[in-house]
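First up is the structure itself, then whatever we jot down about it.
As the structure is a prediction and not an experimental result, all values here were calculated from the model.
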Amino acid sequence: MASSMQNNRVSPPGYCVCCRTCNMWCWRAFKWLPVLLIVSIVTWSYYAYVIQLCIFTIESTVQQCIYLVLYHILLIMFAWSYWRTIFADIKPIPEKYKLPEAELEKLLSAETEDAQRTILENFAKDLPIVTRTMSGSVRYCNRCVLVKPDRAHHCSICSRCVLKMDHHCPWVNNCVCFHNYKFFMLFLGYALLYCLFIMSTCLPYFIRFWKMYQEYKHAHCDNLFDIGTFSKQCMDILNGDFGMSGSAGRYHIVFAFFVALMFAISLGSLFGYHCYLVAHNRTTLEAFRAPMFRGGADKNGFSMGAYNNFKEVFGNSPNKWVVPVFTSLGDGCEYPVRREHQLQTFSAPQDALGYDSMGITRSSVEMAHETERWRLCPRRGRTVPQIV
């Protein structure tokens with residue numbers, strides 16, 4: 001039988017179930033901190049924009065109404081998309097991909113690696129899968145005890161296999177995958193618009209504040225402040241440009257401008273990158289490692305053209321494209337692929353090279369052997385292939 005490597009985890013003395021439960025709940029609470037940070041920033045931005053800018057600073061009623069209506073529309077769409085991304089119903093892998101007890105017993109009792117591969121091939125022959133590992137084996141997860149559907153991956157943070165997994169995002173405390181990828185795209189888009197709107201509407205007042213500060217320095221008001229007196233010119237500078245907004249309110253507006261600018265830059269790059277992935281029908285994982293088909297690796301294997309790729313994520317109804325309701329096509333398990341990948345037998349590329357974390361070049365055969373390491377089955381104490 002193939003060699004195995006056993007990782008025995010022995011609990012330290014005194015380590016009880018209560019400690020384990022406490023650690024679990026602390027870890028769960030810790031994972032919500034990025035979400036709470038985003039909610040806190042948005043809550044503060046609401047105060048800075050609505051209260052300090054629109055109510056205390058802007059004097060025109062018409063301008064106030066226009067700004068408030070547009071702001072709340074963007075805020076509602078942004079919050080709705082964010083909510084759907086966080087609390088999307090991530091459905092489990094269908095039961096037909098899970099190994100029955102009898103097949104699992106055969107797999108565990110197999111004497112050779114080839115025998116185990118044959119068992120997995122026979123089980124998966126009726127499943128709609130076209131992707132393989134680098135060595136041509138069926139993609140199998142020994143943690144979830146199932147054959148992975150195309151584009152599915154095991155998330156170590158969620159401890160489960162996820163359909164069309166893109167990545168695990170700490171800012172939403174959830175996996176970005178088939179069931180919420182549209183919501184994630186809308187969240188990025190509306191968040192970017194939200195930041196751009198705040199930045200553009202705060203910019204004129206930021207410029208006025210900067211000019212006022214230059215006049216303040218030019219009139220030597222800072223020197224007068226040190227001796228406890230103000231001239232009429234200084235009082236006019238401080239009170240004349242920002243209506244009812246006090247000095248603290250002015251700093252809220254300036255800080256809101258810079259925070260919106262900072263987030264707009266990061267969101268713009270991330271949203272642009274995911275637009276590129278949608279246009280080419282790739283996930284973040286597939287962008288770093290091209291999916292392996294029976295005929296070899298192909299980064300564009302799932303691409304059906306930019307428009308069809310867009311509809312695969314956003315659906316066929318244009319009136320629902322900008323609304324965070326689920327309209328993605330398919331079931332998350334089966335995807336259209338290019339014709340050349342449908343009926344070919346697997347042939348591993350011989351000239352493919354990879355790089356490990358130390359920058360050393362390795363052949364695809366070496367990478368395949370490392371990828372399909374033989375480990376101890378955590379459930380039965382016997383060996384199954386760790387196919388990722």
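Separation of atoms CD1 (Ile90) and SG (Cys158) is listed at 8.0 Å; rounding is to 0.5 Å. Going from atom CD1 of Ile129 over to atom OG1 of Thr131 covers 6.5 Å, rounded to the nearest 0.5 Å. If you take CH2 on Trp83 and CZ on Phe187, they are separated by 14.5 Å, rounding to the nearest 0.5 Å. Atom CD1 of Ile55 and atom CD of Glu59 lie 14.0 Å apart (nearest 0.5 Å).
Side-chain contact check for Arg139 versus Val147: every heavy-atom pair is 4.5 Å or farther apart. The closest side-chain heavy-atom distance from Lys98 to Val145 is not below 4.5 Å. At a threshold of 4.5 Å between non-hydrogen side-chain atoms, the residues Met165 and Cys155 count as touching. Between Gln116 and Leu107, the closest side-chain pair of non-hydrogen atoms falls below 4.5 Å. Contact annotation: the side chain of Val176 approaches that of Cys169 to within less than 4.5 Å [non-hydrogen atoms, C-beta and beyond]. Between Asn309 and Ser303, the closest side-chain pair of non-hydrogen atoms falls below 4.5 Å. Within the 4.5 Å cutoff, no side-chain heavy atoms of Phe184 are placed close to those of Tyr82. Cys144 places none of its side-chain heavy atoms less than 4.5 Å from the side chain of Tyr97.
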Arg117/Glu113 under salt bridge (Lys or Arg N to Asp or Glu O under 4.0 Å): CA gap, chis, key distance, verdict: CA-CA 6 Å; Arg117 289 185 178 182; Glu113 179 179 349; 2.8 Å; yes
Chi angles and distances behind the ring pair (Phe, Tyr, Trp, His ring centres under 6.0 Å) call for Tyr276, Phe271: CA-CA 9 Å; Tyr276 170 82; Phe271 181 65; over 10 Å; no
CA sep, side-chain torsions, deciding dist, call: Tyr194, Phe263, ring pair (Phe, Tyr, Trp, His ring centres under 6.0 Å): CA-CA 10 Å; Tyr194 179 81; Phe263 276 97; 9.9 Å; no
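Minimum heavy-atom separation, Asn281 to Glu286: O-OE1, 4.0 Å. Here the closest non-hydrogen pair linking Val313 and Lys164 is CG2-NZ, 4.2 Å. When all heavy atoms of Gln52 and Ala48 are compared, the pair lying nearest together is CB-O, 3.2 Å. Between Ile119 and Lys106, the shortest heavy-atom contact is CD1-O, 3.3 Å. A pairwise comparison of heavy atoms in Ile198 and Ala256 identifies CG2-O, 4.1 Å as the closest pair. When all heavy atoms of Arg143 and His154 are compared, the closest pair comes out as CD-NE2, 3.4 Å.
Ring centroid separation for the pair Trp44 and Phe255 comes in under the 6.0 Å cut-off. Ring pair Phe257/Phe209: centre-to-centre distance not below 6.0 Å. Checked against the 6.0 Å centroid threshold, Phe314 and Phe310 count as a close aromatic pair. Taking the ring centroids of Tyr46 and His72, they lie under the 6.0 Å cut-off.
The aromatic rings of Phe178 and Phe326 stand perpendicular to each other, their planes meeting at an angle above 60°, with 30° marking the opposite boundary.
A salt bridge links Arg151 to Glu312: at least one charged side-chain nitrogen sits closer than 4.0 Å to a carboxylate oxygen.
Using a 3.5 Å distance cut-off with no hydrogens or angles, the side chains of Tyr181 and Thr85 do not pair a donor with an acceptor.
Few gaps surround NZ on Lys31; more than 12 heavy atoms of other groups in view lie less than 6.0 Å from it.
Side-chain atoms of Thr43 come within 3.5 Å of backbone atoms of Val39 as a donor-acceptor pair (strictly under, hydrogens ignored). With hydrogens and angles disregarded, no donor-acceptor distance shorter than 3.5 Å links the side chain of Glu334 to the backbone of Pro128. Of the possible donor and acceptor atoms, none in the side chain of Asn180 sits under 3.5 Å from a partner among the backbone N and O of Ala88. In this structure, the side chain of Arg282 does not engage the main chain of Leu277 through any donor-acceptor pair within 3.5 Å. At least one donor-acceptor pair under 3.5 Å links the side chain of Asn174 to the backbone N or O of Ile86.
Transitive grouping of hydrophobic side chains (ILVMFWY, heavy atoms separated by less than 4.5 Å) keeps Leu285 and Val172 in distinct clusters.
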